[in-house]
2 protein chains.
Amino acid sequence: MPERSERPEGPVQPERPGRKPRADATRNREAVLAAADSLFARCESPEAVTMADIAAAAGVGKATLFRGFGDRTGLIHALYEMRLAPIRRAVEEGAPPLGPATPPLQRVPALLDAVLSFKIDNRHLALALEGTGGDSPYAAEHYERWHSTLQAALEQVPGLTDSSFAAHALLAATRADLVEHLVGQQRMPREQMRAHLAAFVARVLEPPCAPLD
Amino acid sequence: MPERSERPEGPVQPERPGRKPRADATRNREAVLAAADSLFARCESPEAVTMADIAAAAGVGKATLFRGFGDRTGLIHALYEMRLAPIRRAVEEGAPPLGPATPPLQRVPALLDAVLSFKIDNRHLALALEGTGGDSPYAAEHYERWHSTLQAALEQVPGLTDSSFAAHALLAATRADLVEHLVGQQRMPREQMRAHLAAFVARVLEPPCAPLD
DNA sequence: ACGTGAAACGGACCCAGGGTCCGTATCGTA
DNA sequence: TACGATACGGACCCTGGGTCCGTTTCACGT
């Protein structure tokens, strides 16, 4: 039993300020990201694209992948974070309806719609990340971020007693493989999926029957 | 690109009535199921238990595993169905609150609580099944069964417009890795998890604010 | 009881794919 | 331009799912 330790993953951009980073290194990093992005987008199943494929497509040796990103999960993670960055900024410091100044009853649906839309548009990537066998999606820090943001908003919704669980449950409705099943396999149109989620969220946010006067 | 065909999986109990099945075959099948069950229960991560491990624990050659169950997924599937069978019977032909005669507003929470309880009690197994990389959980027929049963019940809930999506969303709150995260990692007590889900479900089932007279 | 052929057995074997090693080529700096 | 540090890349290793085939074991008919 190998007893999973705390993920070795040493040399992933140590950010040495003493020396300028080598040009070929950054160039290769970009090439790898681009190649991987393209491959994941093109292929139906994420596990169909191997590390060797990515290396070949980027015109680079396999070791370069692992030197730059640690392991497969690290590479996928880097790709995912790259795509997610703008949305994250919009959530953390942007204007309503995503930004922090939005009233909860408006922000919760906006957040969930943003997550869903992102996963629809990047479902192959999201699938690769969530389906990456080893570590569950719930260990990833970006999930932690979404969850705590959503929970904070839900906390201010009247009548919701368990905001943490509710946040988990609502986020679960945007799981990548569910999105892939509905949008990818069953060809549900993007807008219809968003509408369904919106209706479901609205139902959850609806105040309890007796409006306190 | 290997182009996933319709799962070869030929010789999984073809049920020939012409000849009595060989004694050693059924004995080995039992041994394998028992060994696998025990190993999955004992180990934290499902991918820590290999087919060779199971074969060794059962005192059987690897080929016997694959002859009897097709592939890894098939074995896990057989285990899962075995455990699930009593609940399935209770749902299909049992008494309330799980059986078909139950009024929807009572049956929906009962169904979801049954699923959740089952996944808590068999989370390693459920994790193995849902996390089995290749095919998404949504392709499995037992998911299809849960979904259609739940959808049928939800259809009769007033004000719910999209029963199919709602069924998906509610079932998503019982995903094995979420259960593992909350109960396994964060040590949430079983009863508390059930209470949280029950509260969430109740919130969804709550009728829209204006009660029709 | 015993011969017989079909079915099951098992472990050596194959192969894909993630991850590593180390001699070599390249870059930034003096 | 020389030099040390850094990155390169492809041969290599290893684990783990899945298969092959010679051998064994069973169920059935006599």
Side-chain angles (χ1 to χ4, degrees), chain A residues 1-2 4 7-32 35-36 39 43 45-76 128 132-135, chain B residues 1-2 7-32 35-36 39 43 45-76 128 131-135:
Chain A
M1 207 176 294
R4 169 177 307 275
R7 174 182 294 239
E9 193 128 350
V12 180
Q13 298 290 86
E15 197 68 30
R16 286 284 313 290
R19 226 173 185 56
K20 199 190 292 183
R22 280 178 53 162
D24 53 353
T26 61
R27 176 165 33 84
N28 279 336
R29 185 181 175 88
E30 295 311 308
V32 166
L39 279 182
C43 296
S45 171
E47 69 218 37
V49 29
T50 76
M51 295 301 268
D53 291 340
I54 297 174
V60 144
K62 274 180 64 178
T64 298
L65 297 202
F66 291 98
R67 200 177 315 111
F69 300 95
D71 59 4
R72 182 172 223 265
T73 304
L75 170 55
I76 294 171
T132 201
D135 24 44
Chain B
M1 208 177 291
R7 173 181 295 237
E9 193 130 348
V12 180
Q13 298 291 86
E15 198 67 32
R16 287 284 314 289
R19 224 174 183 62
K20 198 190 293 182
R22 281 178 52 160
D24 53 352
T26 61
R27 177 165 32 84
N28 280 336
R29 185 181 176 88
E30 296 310 308
V32 166
L39 279 182
C43 297
S45 172
E47 69 218 37
V49 30
T50 76
M51 295 302 266
D53 290 340
I54 297 174
V60 144
K62 275 180 63 180
T64 297
L65 297 202
F66 291 98
R67 199 175 316 109
F69 299 95
D71 59 4
R72 182 171 223 264
T73 303
L75 170 53
I76 295 171
T132 204
D135 25 43

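The shown structure was predicted, so the numbers you read here are calculated from the model rather than taken from an experiment. All chains are named by letter (A, B, ...) in the order of the sequence lines, taking the proteins before the strands, and each is independently numbered beginning at 1. Only heavy atoms go into these numbers, but all of them, side chains included; no hydrogens, no water, no symmetry mates.
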Task: Qualifying residues under side-chain contact (heavy atoms from CB on, under 4.5 Å), relative to B:Ala25, sequence neighbours excluded - done: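 Per chain and number, B:Ala25 pairs via side-chain contact (heavy atoms from CB on, under 4.5 Å) with B:Arg22.
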Task: Partners passing side-chain contact (heavy atoms from CB on, under 4.5 Å) against B:Ala36 (at least two apart in sequence or in another chain) - done: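 B:Ala36 satisfies side-chain contact (heavy atoms from CB on, under 4.5 Å) with B:Phe40, B:Ile54, B:Leu75, B:Leu79 once adjacent residues are dropped.
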Whole-Å distance separating the [atom1] atom of [X] from the [atom2] atom of [N]:
{"X": "A:Phe66", "N": "D:dC12", "atom1": "CZ", "atom2": "C1'", "result": "13 Å"}
{"X": "B:Asn28", "N": "C:dA7", "atom1": "CG", "atom2": "P", "result": "17 Å"}
{"X": "A:Arg72", "N": "C:dG19", "atom1": "CZ", "atom2": "P", "result": "9 Å"}
{"X": "B:Leu65", "N": "C:dC9", "atom1": "CG", "atom2": "P", "result": "10 Å"}
{"X": "B:Glu47", "N": "C:dG17", "atom1": "CD", "atom2": "C1'", "result": "15 Å"}
{"X": "A:Phe69", "N": "C:dT20", "atom1": "CZ", "atom2": "P", "result": "15 Å"}
{"X": "B:Ile76", "N": "D:dG18", "atom1": "CD1", "atom2": "P", "result": "10 Å"}
{"X": "B:Arg29", "N": "C:dA7", "atom1": "CZ", "atom2": "C1'", "result": "16 Å"}

Open item on the list: Within the 4.5 Å heavy-atom criterion, are A:Phe69 and A:Arg29 side-chain neighbours or not?
Closed with: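 Yes, side chains in contact.
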Open item on the list: Using side-chain heavy atoms (C-beta onward) and a distance below 4.5 Å, is A:Met51 in contact with A:Phe66?
Closed with: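 Result yes, sub-4.5 Å side-chain heavy-atom pair found.
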- [ ] Would you work out how much the helix from C:dA1-D:dT30 to C:dA30-D:dT1 bends between its ends, with each end axis defined by five base pairs, to 10 degrees?
- [x]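 Result, rounded to 10 degrees: 10°.
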Show the distances under 3.5 angstrom between N or O atoms of the protein and N or O atoms of nucleotides 13-15 of chain D.
none

Open item on the list: If you assign B:Ala52 and A:Gly59 each to the DNA chain D nucleotide with the nearest heavy atom, which residue ends up on the more 5' nucleotide?
Closed with: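 It is A:Gly59 whose nearest nucleotide is closer to the 5' end.
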Task: B:Arg72 to B:Pro46 - nearest heavy-atom pair and separation - done: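 What the structure gives for the nearest pair is NH2-O, 3.5 Å.
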Open item on the list: So which atom in A:Ala31 and which in A:Ala58 form the shortest heavy-atom distance, rounded to 0.1 Å?
Closed with: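 Result for this residue pair: O-CB, 3.8 Å.
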Task: Donor-acceptor pair (no angle test) under 3.5 Å: A:Arg67 side chain, D:dG9 base - done: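 Pair found.
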- [ ] Counting heavy atoms from C-beta on, name the nucleotide in C:dC9, D:dA27, D:dG17 closest to the side chain of B:Ala23.
- [x]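 Among C:dC9, D:dA27, D:dG17, the one nearest the side chain of B:Ala23 is D:dA27.
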TODO: Please determine, for the side chain of B:Lys20, which listed nucleotide (D:dC28, C:dG18, C:dG10) has the closest atom?
DONE: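 Out of D:dC28, C:dG18, C:dG10, the nucleotide with an atom closest to B:Lys20's side chain is D:dC28.
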Task: B:Thr64 side chain near C:dA8 phosphate (N/O to OP1/OP2, under 4.0 Å) - done: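 Checking C:dA8 against B:Thr64, no side-chain N or O comes under 4.0 Å of OP1 or OP2.
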Task: Pairs satisfying side-chain hydrogen bond (donor to acceptor under 3.5 Å, both in side chains), at least one member in residues 50-61 of chain B, at least two apart - done: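 Qualifying pairs: B:Thr50-B:Asp53.
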Pick out the pairs of N or O atoms, protein on one side and nucleotides 12-15 of chain C on the other, that lie under 3.5 Å.
none

Can you pull every protein N or O that's under 3.5 Å from an N or O on nucleotides 23-25 of chain D?
| unit_1 | atom_1 | unit_2 | atom_2 | d |
| --- | --- | --- | --- | --- |
| D:dT25 | O2 | B:Arg22 | NH1 | 3.0 |
| D:dT25 | O2 | B:Arg22 | NH2 | 3.0 |

